[in-house]
Amino acid sequence: MVVKVLHNGNCSKSNAVLEYLDENGVAFEIINIVEDPLSILELKTVLKKLNQSVFHIIRKTEKLYQEKFTDKNYSEDEWLKILSENPSLIQRPILIKGSVAMLGRPIENVKYFIEK
């Protein structure tokens with residue numbers, strides 16, 4: 001099974017996971033979420049596979065978040081729109097295998113996810 005990786009090329013952790021997958025012979029497909037942002041429907045699908053709410057995938061350490069979104073009380077639907085328009089705010093990498101997904105950190109979890 002090919003693992004889909006929601007990836008941001010500017011993220012060291014995301015790049016490290018790609019390197020790990022490559023070194024271990026795992027077939028993967030890169031989905032660059034910066035160049036090809038996810039739609040609201042795609043985000044909802046990913047969240048369902050993660051079994052998480054949108055609040056779980058927001059990068060609160062991102063400069064853009066701290067400048068524009070700190071202390072704001074947006075609804076889940078509002079956050080979906082914000083993330084689809086600002087993909088740098090999405091935690092990454094996210095690995096998808098069939099009907100399940102996981103955040104690709106720490107890298108030890110990736111090994112378990114791949115072998116499962």
Side-chain angles (χ1 to χ4, degrees):
M1 176 177 288
V2 175
V3 175
K4 293 183 180 184
V5 182
L6 303 185
H7 173 68
N8 178 336
N10 294 325
C11 176
S12 61
K13 289 184 176 25
S14 195
N15 288 320
V17 166
L18 292 183
E19 187 176 319
Y20 175 85
L21 295 175
D22 192 43
E23 288 174 356
N24 288 279
V26 177
F28 61 92
E29 173 189 346
I30 298 171
I31 301 169
N32 188 320
I33 60 173
V34 174
E35 292 176 8
D36 191 18
L38 300 176
S39 69
I40 291 172
L41 180 58
E42 289 168 323
L43 282 167
K44 285 181 177 181
T45 301
V46 168
L47 289 168
K48 185 174 182 181
K49 290 178 181 191
L50 283 167
N51 197 26
Q52 296 288 343
S53 76
V54 71
F55 305 105
H56 182 74
I57 65 166
I58 300 168
R59 283 182 53 90
K60 295 181 175 86
T61 58
E62 193 72 26
K63 185 178 178 184
L64 176 64
Y65 177 89
Q66 294 173 353
E67 290 175 351
K68 293 182 79 175
F69 301 106
T70 299
D71 300 326
K72 301 278 185 356
N73 289 318
Y74 293 113
S75 69
E76 187 149 344
D77 286 338
E78 289 169 321
W79 269 115
L80 288 166
K81 184 174 185 329
I82 291 166
L83 294 179
S84 72
E85 294 170 354
N86 301 279
S88 67
L89 292 175
I90 298 173
Q91 294 282 0
R92 68 260 180 177
I94 296 175
L95 286 75
I96 303 169
K97 189 171 71 169
S99 63
V100 294
M102 69 161 285
L103 284 175
R105 319 186 296 293
I107 198 137
E108 295 79 27
N109 290 355
V110 173
K111 180 180 179 188
Y112 175 76
F113 183 74
I114 299 307
E115 292 173 356
K116 191 173 169 192

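By convention here, the first residue in the shown sequence is residue 1.
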Output a table of donor-acceptor pairs, distance under 3.5 Å, between side-chain atoms of residues 33-40 and any protein atom two or more places apart or on a different chain; print 'none' if there are none.
unit_1, atom_1, unit_2, atom_2, d
S39, OG, L41, N, 3.4
S39, OG, E42, N, 3.0
S39, OG, E42, OE1, 3.3

- Does the N24 side chain pair with the main chain of Y20, one donor and one acceptor, at a distance under 3.5 Å?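 Yes; judged by distance alone, with no hydrogens or angles, the pair exists.
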- Item | Donor-acceptor contact below 3.5 Å, side chain N15 vs main chain N10 |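 Here the side-chain-to-backbone pair does not exist.
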Pairwise distance [atom1]([X]) to [atom2]([Y]) - rounded to 0.5 angstrom:
{"X": "Q52", "Y": "I57", "atom1": "CD", "atom2": "CD1", "value": "9.5 Å"}
{"X": "I90", "Y": "I82", "atom1": "CD1", "atom2": "CD1", "value": "11.5 Å"}
{"X": "S84", "Y": "W79", "atom1": "OG", "atom2": "CH2", "value": "12.0 Å"}
{"X": "L6", "Y": "I30", "atom1": "CG", "atom2": "CD1", "value": "11.0 Å"}
{"X": "N8", "Y": "N32", "atom1": "CG", "atom2": "CG", "value": "6.5 Å"}

Tell me whether [X] shares a hydrophobic cluster with [Y], the cluster being built from Ile, Leu, Val, Met, Phe, Trp, Tyr side chains joined at under 4.5 Å.
{"X": "L89", "Y": "F55", "answer": "yes"}
{"X": "V2", "Y": "L95", "answer": "no"}
{"X": "F113", "Y": "L50", "answer": "no"}

Check: residues 62-69 side-chain donor-acceptor pairs under 3.5 Å, at least two apart:
unit_1, atom_1, unit_2, atom_2, d
E62, OE1, R59, NE, 2.8
E62, OE1, R59, NH2, 3.2
Q66, NE2, K60, O, 3.4

- Message: Just to verify, what does T61 make a side chain to side chain donor-acceptor pair (under 3.5 Å) with, not counting sequence neighbours?
- Response: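 Side chain to side chain donor-acceptor pair (under 3.5 Å) check on T61 returns nothing, list empty.
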- Taking only residues two or more places apart in sequence, or in another chain, which ones meet S12 in a side chain to side chain donor-acceptor pair (under 3.5 Å)?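 With neighbours one apart ignored, the set is empty.
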- Message: Show every salt bridge (Lys or Arg N to Asp or Glu O under 4.0 Å) that has at least one partner inside residues 81-90, sequence neighbours left out.
- Response: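 Counting only pairs at least two positions apart or across chains, the salt bridge (Lys or Arg N to Asp or Glu O under 4.0 Å) contacts touching residues 81-90 are K81-E85.
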- Message: I'd like to know whether NZ of K44 has more than 12 heavy-atom contacts from other residues, nucleotides or ligands below 6.0 angstrom.
- Response: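 At most 12 heavy atoms, drawn from other residues, nucleotides or ligands, come within 6.0 Å of this atom.
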- Message: Within a 6.0 Å radius of atom NZ on K49, are there more than 12 heavy atoms belonging to other residues, nucleotides or ligands?
- Response: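 For K49, atom NZ is crowded (more than 12 foreign heavy atoms under 6.0 Å).
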For residues 102-111, run the donor-acceptor check on the side chains, cut-off 3.5 Å, and write out each pair with its distance to 0.1 Å, sequence neighbours left out.
unit_1, atom_1, unit_2, atom_2, d
R105, NH1, Q91, OE1, 3.4
R105, NH1, R92, O, 3.2
R105, NH2, Q91, OE1, 2.7

- Side-chain contact, heavy-atom cut-off 4.5 Å: I94 with V46?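 Side chain of I94 against side chain of V46, heavy atoms only: contact under 4.5 Å found.
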- Query: Where do V3 and I96 land on the side-chain contact (heavy atoms from CB on, under 4.5 Å) test, with the steps shown first?
  - Reply: CA-CA 6 Å; V3 175; I96 303 169; over 6 Å; no
- Task: Kindly determine whether H7 and I31 satisfy side-chain contact (heavy atoms from CB on, under 4.5 Å), including the steps that lead there.
- Result: CA-CA 6 Å; H7 173 68; I31 301 169; over 6 Å; no
- K4 to F28, cation-pi by 6.0 Å centre distance and 45° axis angle: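 No; the conditions do not both hold, so K4 does not lie above the ring face of F28.
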